[in-house]
Each structure stands twice: as structure tokens, then as C-alpha cells.
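As C-alpha cells, the structure follows; a few thoughts come after it.
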Protein chains: 2
Amino acid sequence: MPAKTSNAPKSPARSRVLDTATRLFYTEGVHSVGIDRIIAEAGVAKATFYHHFPAKDALVQAYIEEQTRMQREAAEQLEADGPREKLLAVFDHMGRVGGLADFRGCPFINAAAEYPDPAHPVRRSIEDYRTWFRELMRELLTEAGDPDAERTADLLMLIRDGLAVACDLDDPVAPRPLVRDAVLRVIGGARDGAEV
Amino acid sequence: MPAKTSNAPKSPARSRVLDTATRLFYTEGVHSVGIDRIIAEAGVAKATFYHHFPAKDALVQAYIEEQTRMQREAAEQLEADGPREKLLAVFDHMGRVGGLADFRGCPFINAAAEYPDPAHPVRRSIEDYRTWFRELMRELLTEAGDPDAERTADLLMLIRDGLAVACDLDDPVAPRPLVRDAVLRVIGGARDGAEV
DNA sequence: AGCAGACTAGACAGATCTGTCTGGTAGGGT
DNA sequence: ACCCTACCAGACAGATCTGTCTAGTCTGCT
């Protein structure tokens, strides 16, 4: 049925809903934003919303997966010659984004705070993101010759989460040079001049 | 008016409300738990609740401040001979708590996710906690002879937040030895055997 | 004795939430 | 001509939320 030309271009109404939800969920939180508000700002009828999503939770899950897609895309578009530079580019990018005025923290950490049950589909989708990110770190580290990529990836995960929280709750620019040094040290690329 | 003997022992009804709220807010989130549920489980009349708290937000703020009080108390009760050992003890304690079955992440990070406005009183109280913790780190580091305690404290803050998130969203026991090594390296106490 | 304050039980108002349902329009494929 | 799908507008049910209010009990101080 969805054979327009070749693949499914996703209906415009659905896209409008997902875009609006992504914006509102991120800036105001999931439980604080109701369906009525979303469909009003998306300019979509209620029946249309429930035609595309079985329930609100499904929209929340779609929001999480959309965030994952966007972050993967952003990571792929970062240009770097070599795995070490790629790793640094990922964290530099995070620091830049964290310093923007509309930064509101990590969407995955924030959403998880509103879904306590680890078995909930939303939490599963959040897990998927974290698995992807950790895998990305591990692959780049292995490629860069890290002898214990698994362990170092866990360390980078720690820094990632810490950076996201710090940019949200504390001074959003202070941790940036700090993080760069920390990442450099962790991936074994510290120069003598970069003492912490 | 509250001159019973010398200070205010806080009414038992109020304590019951705050205890119940602390439990429910932490395990299920703030917006997901209603006043009706809290007063029912606390065994308190609605009028009594509104007699002690002007609104739900005030209870949320009291919850945050109660969490701060508890964490301060826990930190003070950690025995250690020397600032370096005290620092390690704080992080060891965090790792232990993070591994417990009922660990649900950092209450401050979680609550902040539900209060996007940084000017909100709840966010201010969260800020107070974070200021206290950073100060504690800074003082211990200075005492331990760290030449750049400010900077190292920021690094420890990063590890703290990363540990709390990891214990909540990932494997709750994996990061523990990792964190100990990371803290040791950051505070300049790495032995040769503790290679990361 | 009398009064103030802490407390209980629960009705109530008004808003808001999710999800369903009715009814109707427009366009594309067959 | 026909039908299917996507879409819009909005009423509606039923639950739940916060916060107010009435009405009455119990305790301890003065």
C-alpha cells in the first residue's frame, strides 16, 4: 500500500506531529505535554493522530527513535581523518551543542527519568541508543588501537553522560576544555602540555 | 509558636507526608505521582497536607532538600583518615548505592528533567545540592594538596553524574571498578598496578 | 472552662488528560 | 463511477489532577 514511488515518504501529517512532539517533549518534558497541545501546534486532527499512533506512549517511543536517528546522522556527518580524530570530533560536537541556548540536557536521560520501568518500550529504545553509542566508541577505539576498547568505551560513556548533565545543570561552557583533555587522556593521546 | 521545648520537632503528619513523597517521587517520578496518592499512602487528610505545604511544588522542593540533607548526612558519616581517602569513600559509597536493587538514578538529575525552567525553585534547590557537592570535592582536593582543585572538582562532578546515570540506565555494577580507577587517576593517586 | 491549632473525612469545582466516536471533505487508483 | 485512504473539526466519555471548602474531633495550654 505505501508504494508511492519506491519507498514510504511518511505522511506529512505524521511528520508534523513527530516534529512538534520532538520539539515539545525535549523542551518541556514528556508528561508535561499533552496530546491536545501537540495536535494543536502540529495543526492536525485528533483522529489523524490516533490514526498514525496507537497511543501517546508510541509517540514518545517514536520521539526517542527520532532523536537516535538525528544523533546518528550528526555523528556520521562529522568529518575526521582517523578514528582518534573522529572520537574527539564527537565530543567536541557534544560540547558545542551543550553550549547552545536551547540545550535542555540529554533527551534520553531526561526521558528515562520519566519512565522508571526498565522494561517499558520507551526505556528499551533508550537502551538501543546507548548500545549504539557505546558500540560506536568501542569500534573507533579498536580501530585506533586501544588494547582494552570495551573498558575505555565505558569510560567515554561516563564522560558523555557527565558532560550532558553538566551542560544542562551547571555552567554549559566550563566543562568543554576539561572534557577534551579528559577524552585525550582516556584515549591515550595526551600531550605533555595537556596536564590535567 | 513552634516553641515546644527549644526547636521545632516537625509535626508527625508532615513527616509522614514528606517520607511518603520522598519514596514515591524517587521511585516513580514527580509528575507521575499525584497528591491524592501521597496523602492516601501517608494516611493524612488533604486539608492537613495543604496546611503544611502551600502547593505540590513546595512539597517537591522539600523532597529535593530532604534528599540533599540525606546525602550530606551520608557523606559526613563516611569514615576515612585523610581527604584522599574521604574522596574515594564518597565514590565507593555512590557505587554501592548505585548497585542496590531499588536504585533509580540520581534524584536531582531525575527531578531536573521534569522541571525545565532553570529559574524554578525546585531547580534552585537542585543547584544548591550541586554547589554543596562541588564544594565538598574542592575542599577535600585542596586539603589533599591538589594544585588545581577547582578543575579537578569539575572532573569529579563529571564522573559523579556519569556514574549515577550508568548505574541507572546500564549495568549497575560494571562501572564501579572503572570509576575507582578514574577517580584515583584524577586525584593523582594512581598506583602502577592500576593501569586503565 | 475555653480557646487555638493540628488533625480527619470527604465533597466539590474546575481544569486537563487520554482515547473514542461521529461526520464530513478531498484526492488517487482502478 | 467507485472506493479507499488520509485528513479535518470537534463533541464526548471517563478518569485524574490540583486545590478549596465544610464539618467535626482531639489535645494541650492558659
Side-chain angles (χ1 to χ4, degrees), chain A residues 1-22 24-25 27-64 111 114-117 120-122, chain B residues 1-22 24-25 27-64 111 114-117 120-122:
Chain A
M1 290 90 145
K4 188 85 173 219
T5 50
S6 63
N7 66 344
K10 295 276 174 82
S11 95
R14 196 195 125 101
S15 293
R16 245 152 49 222
V17 167
L18 187 51
D19 288 352
T20 306
T22 296
L24 293 179
F25 284 162
T27 57
E28 304 191 23
V30 173
H31 290 338
S32 300
V33 177
I35 292 295
D36 285 346
R37 172 105 180 276
I38 292 170
I39 63 170
E41 295 202 18
V44 153
K46 204 165 208 178
T48 304
F49 168 77
Y50 280 101
H51 173 74
H52 288 290
F53 300 95
K56 188 192 178 183
D57 271 4
L59 175 64
V60 177
Q61 200 180 348
Y63 153 65
I64 292 297
E114 300 199 58
Y115 285 87
D117 179 11
H120 194 285
V122 169
Chain B
M1 291 88 141
K4 188 86 172 213
T5 49
S6 63
N7 66 345
K10 295 275 175 84
S11 96
R14 197 197 123 102
S15 293
R16 246 152 50 222
V17 167
L18 187 52
D19 289 351
T20 307
T22 296
L24 292 179
F25 284 162
T27 56
E28 304 191 24
V30 173
H31 290 339
S32 300
V33 178
I35 293 293
D36 285 346
R37 173 105 179 276
I38 292 170
I39 64 169
E41 296 203 18
V44 154
K46 204 165 208 177
T48 304
F49 169 77
Y50 281 102
H51 173 74
H52 287 290
F53 301 94
K56 187 191 177 184
D57 271 3
L59 174 63
V60 177
Q61 199 180 349
Y63 153 66
I64 293 296
E114 300 199 58
Y115 286 86
D117 179 11
H120 194 284
V122 168

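Below, chains carry the letters A, B, ... as their sequence lines are ordered, and counting in each starts from 1.
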Dump every N/O contact between nucleotides 21-26 of chain C and the protein below 3.5 Å, one line per pair.
none

Query - Qualifying residues under side chain to side chain donor-acceptor pair (under 3.5 Å), relative to A:Tyr63, sequence neighbours excluded - result: none
Query raised in the report: So do the side chains of B:Ile64 and B:Phe25 get within less than 4.5 Å of each other, counting heavy atoms only?
Result: no
Requested in this report: Describe the nucleic acid contact of A:His52 in one word from base, sugar-phosphate, nothing, applying a heavy-atom distance below 4.0 Å.
Outcome: sugar-phosphate
Query - Nucleic acid contacts - residues 55-64 of chain B versus DNA chain D, non-hydrogen atoms under 4.0 Å - result: B:Ala55, B:Lys56
Report task. Enumerate the residues from residues 36-45 of chain A whose closest heavy atom to DNA chain C is under 4.0 Å, giving them by residue number; use none for an empty result. Result -> A:Asp36
**Report entry** Partners passing side chain to side chain donor-acceptor pair (under 3.5 Å) against B:Lys56 (at least two apart in sequence or in another chain)
**Finding:** none
Query - Residues forming a side chain to side chain contact (heavy atoms under 4.5 Å, CB included) with A:Gln61, sequence neighbours excluded - result: A:Glu65, A:Pro121, A:Val122, A:Ser125
Query raised in the report: By side chain to side chain contact (heavy atoms under 4.5 Å, CB included), which residues pair with B:Ala42, not counting sequence neighbours?
Result: B:Arg16, B:Val17, B:Thr20, B:Val44
Query raised in the report: Which residues satisfy the ring-ring contact (aromatic ring centres under 6.0 Å, His included) test with A:His120, sequence neighbours excluded?
Result: A:Tyr115
Query - Residues in salt bridge (charged side-chain N to carboxylate O under 4.0 Å, His left out) contact with A:Asp36, at least two apart in sequence or another chain - result: A:Lys46
**Report entry** Residues which pass side chain to side chain donor-acceptor pair (under 3.5 Å) with A:Glu28, listed by chain and number, not counting sequence neighbours
**Finding:** A:Arg37
Query raised in the report: On DNA chain D, nearest-nucleotide positions of A:His51 versus B:His31: which is more 5'?
Result: A:His51
Query raised in the report: What pairs with B:Tyr50 under ring-ring contact (aromatic ring centres under 6.0 Å, His included), at least two apart in sequence or on another chain?
Result: none
Query raised in the report: Does DNA chain C take part in any stems of at least 3 consecutive Watson-Crick or G-U pairs (both distances under 3.5 Å), and if so, which ones?
Result: C:1-30 with D:1-30
